[in-house]
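Bear in mind the structure is a predicted one, so any value in this text is a computation, not a measurement.
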Amino acid sequence: MREEELIIYKEPVEGTILSDMVWLMDRYRSGDGRSRPLFYDCMHRLLELAAQHGFSGNLWHCYLTNLLVNNENSYSMACEMRGEVEGSINQLVLHDIAIYKDFFDFDFTEMMDVLKAPEFSVIVDYESPIRDSRIYSTKIRDRIGRLAEQLAACDSALEMKAVLTQFYLEYGVGKFGLHKAFRVVHTQDGARIEPIRNISHVQLDDLIGYEIPKKKLTDNTDAFVAGRKANNCLLFGDAGTGKSTSVKAIANEYYDKGLRIIELYRHQFQDLNDVIAQVKNRNYKFIIYMDDLSFEEFETEYKYLKAVIEGGLEKKPNNVLIYATSNRRHLIRENYEDKEGRREDMHASDTVQEKLSLVYRFGVTIFFCGPDKKQYEEIVKGLAARYGITMEEETLLAEAGKWELSHGGLSGRTAQQFIDYLRGTET
């Protein structure tokens, strides 16, 4: 086997299973006493991989396929969202895929017999007791499983390359291709962008009402994913009105169009430039999402954010926007002294403008207003119908009124909590 001759797909990302299995393929007949224990150890690791990813079927093929869809190299990244590319790189990729085809086609029958390890037959026809994946969404997990079957059925390396390239076109490659949302972790080596494994499967239609705010949000996001001019976006308004839910919803609804969401907290502003540098050359659109963004008067981090958003020498890349949510329209706490000049500030108007300058960096501002009593009741009725609550309407609204008085007042969040309470008490 020729794994050391790989050129483009040189460094697998899933540990050492590949190198160990290839070592066994080359040496299992030698009588080396290490072969049998290593074979069983590889079985163990393939089973652990299956448990984490939710794979079933031929786990060896699933493992190889997982390597291919996660290998971020010059070819796979060129193909993401674009498909087939031209140039000499295709010859080198075909060389590597031919090696992978040997891995796919290897017959383990003799190895199982020589090493007296018939249990490997389970590995190549595995029924997983775990259907949930801790790594991928169900959709992506199932698609990787189908891709493994497709690659194994290919008659040539050229056919395998075409099938794999089509996957890159549809889903991309690596963490940015296979996941929709991410968080930032600060390390000694800089910012590390990690996938968020479980994101709420909420859709914009799940948010009852707020049609005008939702339309403004989708109009801006439509323009962004289509490559047209779009603006940074601030969603502000009362607590519990669906600001954060709306951002989660667009992460779900625009994933297939190449949109990815990176969540960044205020204390991570130091990593913002690093994050942008890591994503600016990818073929996806990235929204850097800042939830509950606001600053007290004495906090000055907003000046750094302001410069990064717009104002620094380096131009913000066209595939990055910033979406933020806040309960404050102007993000930074203001005092009457600022506007009336009652402090010892010679230029009070300059103080006001400085505090407003951050919000001016957001070209689109969307207001989410708390519902009045009637709107609250419409939300309650809509949620009750969605979840099959059969309570009489008059009783439902009366109980909803009692609930909001002791649970934070009129808001969509309060309505959802009330319905969740009713669902939890159903017998």
Looking only at atom types and distance, does a side-chain atom of Thr414 sit under 3.5 Å from a main-chain N or O of Glu404, one as donor and one as acceptor? no
Does Lys10 form a side-chain hydrogen bond (donor to acceptor under 3.5 Å, both in side chains) with Asn71? I'd like the steps, not just the answer. CA-CA 9 Å; Lys10 188 67 176 176; Asn71 197 306; over 6 Å; no
Tell me whether Arg141 forms a cation-pi arrangement with Tyr136, defined as NZ or CZ under 6.0 Å from the six-membered ring centre and within 45 degrees of its axis. no
Ring centre gap for Phe176 and Phe182 strictly below 6.0 Å: yes
Charged N to carboxylate O below 4.0 Å: is that the case for Glu48 and Arg45? no
Residues 286-293 side chain polar contacts: donor-acceptor under 3.5 Å, at least two apart:
from, atom 1, to, atom 2, distance (Å)
Tyr289, OH, Ser244, OG, 3.2
Tyr289, OH, Asp291, OD1, 3.1
Asp291, OD1, Ser244, OG, 2.7
Asp291, OD1, Thr325, OG1, 2.5

Check: Met77 main-chain N/O paired with Arg82 side-chain donor or acceptor under 3.5 Å: no
Counting N and O atoms only, with roles assigned by atom type, does the side chain of Glu159 sit under 3.5 Å from a partner on the main chain of Leu151, one being a donor and the other an acceptor? no
If you measure only the distance, is there a donor-acceptor pair under 3.5 Å linking the side chains of Asn252 and Lys180? yes
Mind running side chain to side chain contact (heavy atoms under 4.5 Å, CB included) on Asp32 and Arg27 for me, showing each step along the way? CA-CA 8 Å; Asp32 190 317; Arg27 296 173 177 83; 5.7 Å; no
Looking only at the aromatic ring of each residue, does the gap between the centers of His407 and Tyr421 stay below 6.0 angstrom? no
Please determine if Glu149 and Arg146 form a salt bridge, counting it only when a charged side-chain N lies under 4.0 Å from a carboxylate O. no
Passes ring-ring contact (aromatic ring centres under 6.0 Å, His included), Phe106 versus Phe108? Steps please. CA-CA 6 Å; Phe106 188 86; Phe108 288 93; 4.9 Å; yes
Under 3.5 Å: donor-acceptor pair, side chain of Asn73, backbone of Tyr75: yes
With sequence neighbours excluded, residues passing side chain to side chain contact (heavy atoms under 4.5 Å, CB included) with Thr109: Asp107
Centroid separation under 6.0 Å, is that true for the rings of Tyr210 and Phe368? yes
Can you tell whether the side chains of Lys139 and Asp256 come within less than 4.0 Å, N to carboxylate O? yes
Does the side-chain hydrogen bond (donor to acceptor under 3.5 Å, both in side chains) test come out yes or no for Thr221 and Tyr323, once each step is laid out? CA-CA 10 Å; Thr221 309; Tyr323 281 20; 3.0 Å; yes
